[in-house]
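Residue numbers begin at 1 in each chain, while the letters A, B, ... track the order of the sequences. Nothing here was measured: the structure is a model prediction, and the numbers come from that model. Only heavy atoms go into these numbers, but all of them, side chains included; no hydrogens, no water, no symmetry mates.
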Amino acid sequence: MPPHMAAHHPSAASMQPPHHPTMHHPHHDLDCDPRELEAFAEHFKQRRIKLGVTQADVGNALGKLKLPGVGSLSQSTICRFESLTLSHNNMVALKPVLLAWLEEAEKTAREAKAAGGDLFGANGERKRKRTSIAAPEKRSLEAYFTIQPRPSGEKIAQIADKLDLKKNVVRVWFCNQRQKQKRMKFAAGMVPPH
DNA sequence: ATGCATGAGGT
DNA sequence: CCTCATGCATA
């Protein structure tokens with residue numbers, strides 16, 4: 001069972017525009033432009049659909065690219081990349097990888113224009129269950145989150161008890177809530193209505 | 001598309 | 001215990 005890959009590493013430099021090897025500027029080197037990321041994500045999705053490839057297909061195909069330190073990704077991650085619902089850093093890290101796949105896929109598509117193509121498999125393994133927090137409890141959690149996004153372990157236990165939920169469920173809920181606040185769509189560039 | 005969860009690495 | 005990247009399961 002192949003575990004996850006290392007969290008963040010700088011091993012992603014496959015196709016940067018030709019810079020002058022004789023000199024480089026002290027600032028602005030990596031593209032961390034939210035605008036550019038957004039544009040790329042949009043174009044990526046459009047191209048992917050044009051190629052008739054699903055998000056899951058892309059995820060699996062990434063593993064076949066044999067790029068250094070790059071394995072397969074899930075449909076979830078591809079979906080989140082396209083909808084910018086990932087952290088800024090995560091978007092920046094995934095962009096070069098998805099770009100590499102896109103170029104490869106378009107090249108292959110061009111070549112396959114003269115032959116028949118087919119590649120599909122099926123699978124059916126279901127297991128794990130998912131806890132579902134009811135609406136009333138969710139509203140309470142959201143209210144607590146508004147006044148205290150990072151409650152102490154004791155406070156979490158107290159909330160869990162009051163809502164009749166497992167402490168771990170509540171803890172994880174807060175963790176996930178914090179992560180959501182850091183997603184591109186909610187972090188910066190989007191001010192609350194009115 | 002999204003909710004709840006896991007695991008690695010950090011404090 | 002947290003953050004962060006990521007994914008299974010499910011709406």
Side-chain angles (χ1 to χ4, degrees), chain A residues 1-12 30 32 34 37-38 40-42 44-46 48-49 53-65 67-101 121-146 148-161 163-188 190:
Chain A
M1 51 182 117
H4 307 64
M5 356 184 313
H8 17 240
H9 53 276
S11 64
L30 298 175
C32 291
L37 282 173
E38 182 169 0
F40 176 73
E42 188 180 339
F44 176 85
K45 181 172 186 176
Q46 176 122 22
R48 189 206 102 219
I49 292 174
V53 180
T54 67
Q55 296 170 332
D57 290 335
V58 173
N60 289 157
L62 292 181
K64 293 164 187 161
L65 282 183
L67 287 174
V70 178
S72 299
L73 286 178
S74 67
Q75 172 265 324
S76 304
T77 299
I78 304 304
C79 174
R80 284 169 174 150
F81 179 88
E82 292 182 346
S83 59
L84 304 173
T85 45
L86 288 175
S87 69
H88 176 89
N89 278 357
N90 203 355
M91 291 292 291
V92 171
L94 259 44
K95 182 188 170 188
V97 178
L98 294 183
L99 178 56
W101 170 80
N123 217 309
E125 305 298 306
R126 302 295 146 126
K127 267 286 163 64
R128 186 177 170 187
K129 216 50 175 177
R130 189 172 95 192
T131 307
S132 186
I133 300 174
E137 284 66 44
K138 256 182 211 174
R139 276 185 249 108
S140 294
L141 289 171
E142 279 156 13
Y144 283 121
F145 188 83
T146 299
Q148 178 54 269
R150 299 186 59 177
S152 65
E154 214 164 84
K155 182 64 179 176
I156 288 176
Q158 187 186 315
I159 293 173
D161 182 61
L163 300 181
D164 193 42
L165 291 171
K166 297 292 183 55
K167 182 184 175 183
N168 232 42
V169 170
V170 175
R171 185 182 61 72
V172 170
W173 186 87
F174 274 90
C175 285
N176 283 323
Q177 219 52 36
R178 279 177 227 123
Q179 273 201 296
K180 284 185 185 179
Q181 284 196 316
K182 294 177 179 174
R183 287 175 179 175
M184 274 196 84
K185 290 246 177 153
F186 300 111
M190 194 170 146

Enquirer: In whole angstrom, what separates A/Gln75's CD from C/dA11's P?
Expert: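 Result: 15 Å.
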Enquirer: Provide, to the nearest angstrom, the distance between the CE atom belonging to A/Met184 and the P atom belonging to C/dC4.
Expert: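 Interatomic distance, CE of A/Met184 to P of C/dC4: 15 Å.
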Enquirer: Given B/dA1, is OP1 or OP2 found less than 4.0 Å from the side-chain N or O atoms of A/Gln55?
Expert: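 Yes, because at least one side-chain N or O of A/Gln55 sits under 4.0 Å from OP1 or OP2 of B/dA1.
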Enquirer: So, does the side chain of A/Asn176 form a donor-acceptor pair with the base of B/dA5 at under 3.5 Å?
Expert: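 Looking at the base of B/dA5, it does pair with a donor or acceptor on the side chain of A/Asn176 (distance under 3.5 Å).
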Enquirer: Only one of A/Ile78, A/Leu67, A/Leu94, A/Thr77 passes side chain to side chain contact (heavy atoms under 4.5 Å, CB included) with A/Leu62; say which it is.
Expert: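 Only one option passes, and that is A/Ile78.
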Enquirer: Ignoring backbone atoms, establish whether A/Lys180 has a side-chain N or O less than 4.0 Å from OP1 or OP2 of B/dG3.
Expert: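 Answer yes for this pair, as a side-chain N or O of A/Lys180 is under 4.0 Å from OP1 or OP2.
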Enquirer: Just how far, in rounded Å, is P of C/dC8 from CD1 of A/Ile78?
Expert: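 After rounding, the gap between these two atoms is 12 Å.
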Enquirer: May I ask you to evaluate whether A/Thr131 reaches the phosphate of B/dC4, defined as a side-chain N or O under 4.0 Å from OP1 or OP2?
Expert: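 Looking at the OP1 and OP2 atoms of B/dC4, neither is under 4.0 Å from any side-chain N or O of A/Thr131.
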Enquirer: Specify the separation, in whole Å, of atom CZ of A/Phe174 and atom C1' of B/dT6.
Expert: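 From A/Phe174 CZ to B/dT6 C1': 20 Å.
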Enquirer: Among the nucleotides C/dC2, C/dT6, B/dT2, which one has an atom lying closest to any side-chain atom of A/Cys79?
Expert: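 Output: B/dT2.
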Enquirer: Rounded to whole angstroms, how far apart are CZ on A/Phe81 and P on C/dG7?
Expert: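 Going from A/Phe81 (CZ) to C/dG7 (P), I get 14 Å.
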Enquirer: Could you work out which one of C/dG7, C/dC4, B/dT2 sits closest to the side chain of A/Lys182?
Expert: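 Per side-chain heavy atoms of A/Lys182, the pick is C/dC4.
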Enquirer: Quick one: which of C/dG7, B/dA1, C/dA5 gets closest to the side chain of A/Leu73?
Expert: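 That would be C/dG7.
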Enquirer: Per the atom types in the model, does the base of B/dG3 pair as donor or acceptor with the side chain of A/Arg80 at under 3.5 Å?
Expert: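 Indeed there is one.
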Enquirer: Please state how far atom CG in A/Leu62 lies from atom C1' in C/dA5, giving the value in whole angstrom units.
Expert: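 Those two atoms, CG and C1', are 15 Å apart.
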Enquirer: A/Arg128 side chain N/O closer than 4.0 Å to the phosphate oxygens (OP1, OP2) of B/dA5?
Expert: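 No, because none of the side-chain N or O atoms of A/Arg128 sits under 4.0 Å from OP1 or OP2 of B/dA5.
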Enquirer: What about A/Ser76, does its side chain sit under 3.5 Å from the base of B/dT2 through a donor-acceptor pair?
Expert: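 Between B/dT2 and A/Ser76, which were checked side chain against base, a qualifying N/O pair under 3.5 Å is present.
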Enquirer: Reckon A/Arg150 has a side-chain N or O less than 4.0 Å from the OP1 or OP2 of C/dT3?
Expert: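 Yes, such a contact exists.
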Enquirer: Counting only side-chain nitrogens and oxygens, does A/Lys166 get under 4.0 Å of the OP1 or OP2 atom of B/dC4?
Expert: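 No, A/Lys166 has no side-chain N/O under 4.0 Å of OP1/OP2 on B/dC4.
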